[in-house]
Engineer: 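The structure is given below, and queries will be raised subsequently.
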Amino acid sequence: MEQFDAIVIGAGHNGLTAAAVLAGKGKRVLVLERSTSLGGMMATGTLNGVQLPRLAHLLYNLNPVVVRDLGLKLDAKPVPTVALSEDGRHVVMDGAEVRFADGTAHPDAAAFVTLYQRLVRFGTLLGQLAQAAPPDLSGSLSLAQAGELGALARLGLRLRLMGKAEMREFLRIVLSNAQDLILDELADGPLAGALAADAVRGAWAGPSAPGTVFSLIYRLAQGGGAALPSGGMDAVVSAFVKAAEARGATIRTGAAVQRIVVEGDRVTGVELADGSRVSSAMVLSTAGAAQSMMLAGHGSYDIEAVRRLRNFRTKGTAAKVNLVLSGAPKFSGLSREQASGRLLIARSVRAVERAFNPVKYGEASKAPVIEAVVPTLTVPDASGKHVVSAVVQYVPYAPDGGWTDTARQTVIDQVVAALDRFAPGLAAMVTASELLTPADIESETGAPGGHWHHGEMSFDQLLSVRPANGLAHYGFGPAGLYLAGAAAHPGGDVTGAPGRNAALKALKEMAA
Amino acid sequence: MGRHDRYDAIIAGAGHNGLTTACYLAKAGLKVLVVEKNDWIGGAAVSRSLHPGWTYSNCSYVCSLLRREIVRDLELPRFGLQVIPYEGGATFTSDGDYFAYYSDHDALRREIARHEPRDVDAYDRFSQTVMRQCRFIRPFLLRTAPDPVRMRPRDISELAYLVRKVHGLGAREIGETLRFWTMSIGDFLDEHFENDLIKAHLAGSGIIGTGLGVYSPGSAYVLLHHYMGDVDGTIGAWGFARGGMGSISRALGLAFEEAGGTIVTGSGIDKFLTRGGKVTGVALENGDTYEAPVVASNMDVKRTFLKHTDRDDLPGDFLRAVERFKIRGSSGKLNIALDRLPEFPAAPAGAPFLRGDMHCSTSLAELERAYDDWKDGRWSQSPYFDMLIPSQIDPTMAPPGSHMMTVFVQYAPYDLEVDGVRDAANWTEERRRAFADCVLDKMSAACPDIKERVQHVEIRSPLELETEVGLTEGNIFQGELTFDQLLFNRPVPGYADYRSPIRGLYLVGSSAHPGGGVMAAPGANAAREILIDLGRRSGLPAEAA
């Protein structure tokens, strides 16, 4: 039987990061990927012969510590965000600068910048929590053995150093809802709507839900800017793969793990779908929390852990629509530079909230919130064709009546119609289209419920209780098993942080 | 002019909190005046006779949260306060069944098993968690929230108390508490129960009085605001104040007067008078003025500082924080005089749950949809309601053989949207009636003859709650109970210690920590702070500096 020091299940960014970190310490690492492509949610797809980002299409939140540790060489171009407006007065957000697309001043620009910069400051502060395991609440109160509670104390100190007013504001808003925060400062409209849409991206929540400010802050942990990697998401995947392979990790695709082998109270390896086994005293799983538990067998968990993991909320609400166009779309009122940015259709905070309502009852939004990118405007496709990559919210995992062809086509038609309103003629240029519903995303990437973050990023599922109270420190049931995907702290987005933190934890325990 | 023009302290508003503050101050030997805009006292804890022979608890309607320390300190039973517990409740389905909630544990287990055997043990886990959270939070209700930013010696000692209490829970329970405080009541119930009807019955306590839906994070915490009280030591029990909720205010008023206090009704505050950043007294709408070095406002934070205080006396940051304070009205009320007890065909004759709280919302989705309506400025097309017939237990509420029914209804917006315009003025008489009909129609599922039984109905939208009681936007808690407005954030960051930027002016109503409900804790806590500033003692917990 083959033997490795560590096996990583899943070759998404977290799995590859974990592999690179472990291999970097001289461990023999095997990465097992169920599908035939690498990168998980970052994987590139093809539609009608044209390459396009199958799911994730932008980089936001890649953790700088991961970039440093892995020595990732990424060339990514920051792109502006454009909030599309029904009246043609589109708003362009470029870093901290906000203007109408025609260059005129936006009345809320100053208020927006003040708010945004404050959120970025808070994001940077909280981002420091993402670089290590979440605080261990069992720490003693005595200063001598403050242990990991010290992390919270340090956070408190840094917060205090921001000044009284800032600290008060942080403590007021941190668990609050995005709607009130935004509308206390800005008039409702596309600019406010854009911020609201970012607060609920991928979430089973509308902007009026308490806790959405925290998700917004989380998204802004690395400054908030979106970047389009040159070479597409493919280049990002390659960079991660290279980092792992250069350190000696072995990566195998088409290798589905059907069981994590547990003997006694210890992991001894994995069993693949073909029945073959690979032995290792350490397994890091980037599958969902409940899925990882099932791989190891629920017999390895106490009944409370089983119940908690089954209750971990993973209701995906974001679908992906990819379009191939026969020519370049022309967005009225936008320059080519602006049109190649991140385009948001979120008319207002209220519209985002309204879009959320139907999904609660198993229906798709009739006026969905859309984040679209036309990557071919930046890097042209050799065929001269263009692609639109759109994240569509809110779309249910299992609509009433199921995902019939009609139900699928309705979603695509709505997205095309919505885009066509801003880029007249776009609908006529569509030569191919595809929809990935949350259910499709689940079957393709293994993300439970099709949830982009492998589990709702609401406060009751974050930090020391992610994915469940008592299972938040990467160690996951039987000795030698670690949870290393987005279901673990600090959660979703292409950050690599859960993978890195889990690998460090595993190394520490291996050494002990 | 009043009997006296100078007092040691003036309380603006004779709600239960204002009266509580007044009692503590008077008992400490101060000469105290309470001024009240209405011709009666009690604020939202009143018993009113609006139809001959019937008495309505026309705002708050049941009692549990009133802190027993306060009841004891002020000897309220001696002044006629008697709380009679009621047992159980029920949610009726539209197809002739019901889920009954019994305070008898075995009966409850049998009833749960009738609907879903798997939920029997789940209920025990659920109630243990809720009870643990209640026991955890109760000691904080009568303490002043520490200010984590200023860190004066008192803040440090209160923070240390908090950290010790939290740490004492142990890692597992801290995690549970963190989750419980931040999750939604819907998710919390989904984690425990299978049966939708049972979930719907239990969910009401997570949304009553708030602008949250059952799936809004933070609504599980609101549940505590309905479970952390007690009747005669039974935590979580609710009861009727004999003679209506006004009996609480009456007892407080009598206790206050016995301690030498004076109450003046019939004229509201026009202005808090100040000189050099210090309060000097109050000017009433009728032209009277009273002077005092201490003035305590029982009004909500918005009304106090935006309507009755000179803006120039307040720092800009504070004003702005008060302006953005969230105080959305979300509920209405029907008070109904019944000629006799309506029929509940689903219920066995004499069922004890008919004497408790009854509902007709049968799923979490139905409750969530009710919330969606409210978000869009409509009253819920299929509203949640909490209906009780207290006259079955307290015969003083209605003529013999007749009954009084109190129906709390959620959701109803303050600024009703009509033709795209949101405005409280849209609550016309016609729409108020339509609102009541909507409730009575739904209620017919439980008691088909309800409309024939109705002799008189008082319809209260959030607008009436504002105009009559003075609660801004008709919010029953004087401000949303979300984390941005709880503990050290309540009412606004930096002013959670009942004090204000104006020296001598205190906030004693539910806008202050720990918030709404007929609890009297804000009033008592504020009294302690006032007496600390005066160098006196209140006898309340957490007095040491």
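Order of the sequence lines sets the chain letters (A, B, ...), proteins ahead of strands, with each chain counted from 1.
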Engineer: Charged N to carboxylate O below 4.0 Å: is that the case for B:Asp147 and B:Arg154?
Structural biologist: no
Engineer: Taking 4.0 angstrom as the limit, do A:Glu169 and A:Arg172 come out as a salt bridge?
Structural biologist: yes
Engineer: Heavy-atom distances under 4.5 Å only: say whether A:Arg160 touches chain B with side chain, backbone, both or neither.
Structural biologist: side chain
Engineer: What part of B:Arg490 lies closer than 4.5 angstrom to a heavy atom of chain A: side chain, backbone, both or neither?
Structural biologist: neither
Engineer: Measuring heavy-atom distances to chain B, does A:Glu304 have an atom under 4.5 Å in its side chain, in its backbone, in both, or in neither?
Structural biologist: side chain
Engineer: Picking from A:Arg310, A:Arg350, A:Lys164, which has the most non-hydrogen pairs under 4.5 angstrom with chain B?
Structural biologist: A:Arg350
Engineer: Going by atom types alone, do A:Asn501 and A:Tyr474 pair a side-chain donor with an acceptor below 3.5 Å?
Structural biologist: yes
Engineer: Find the one option among B:Arg369, B:Arg125, B:Gln485 whose heavy-atom pairs under 4.5 Å with chain A are most numerous.
Structural biologist: B:Arg369
Engineer: Report which part of B:Asn489 has an atom under 4.5 Å of a heavy atom belonging to chain A: side chain, backbone, both, or neither.
Structural biologist: side chain
Engineer: Under a 4.5 Å heavy-atom cutoff, which of B:Val492, B:Ile174, B:Asp372 has the most pairs with chain A?
Structural biologist: B:Asp372
Engineer: When you look at CG of A:Leu161, are more than 12 heavy atoms from neighbouring residues, nucleotides or ligands closer to it than 6.0 Å?
Structural biologist: yes
Engineer: Will you find, in the side chains of B:Glu480 and B:Thr210, an N or O donor that is under 3.5 Å from an N or O acceptor?
Structural biologist: no
Engineer: Flag the pair B:Lys302 and B:Asp300 as a salt bridge only when some basic side-chain nitrogen lies within less than 4.0 angstrom of an acidic carboxylate oxygen.
Structural biologist: no
Engineer: In terms of heavy-atom proximity below 4.5 Å to chain B, should A:Lys360 be classed as side chain, backbone, both, or neither?
Structural biologist: side chain
Engineer: Does a side-chain N-to-carboxylate-O contact under 4.0 Å join A:Arg168 and B:Asp317?
Structural biologist: no
Engineer: Between the side chains of B:Lys199 and B:Asp119, is the shortest nitrogen-to-carboxylate-oxygen separation below 4.0 Å, so that they form an ion pair?
Structural biologist: no
Engineer: So what's closer than 4.5 Å to chain A heavy atoms on B:Phe488: side chain, backbone, both or neither?
Structural biologist: side chain
Engineer: With a 4.5 angstrom heavy-atom cut-off, could you sort out which part of B:Leu212 is near chain A: side chain, backbone, both or neither?
Structural biologist: side chain
Engineer: Tell me which of these, B:Leu169, B:Asp376, B:Thr482, B:Asp190, has more heavy-atom pairs under 4.5 Å with chain A than the rest.
Structural biologist: B:Asp376
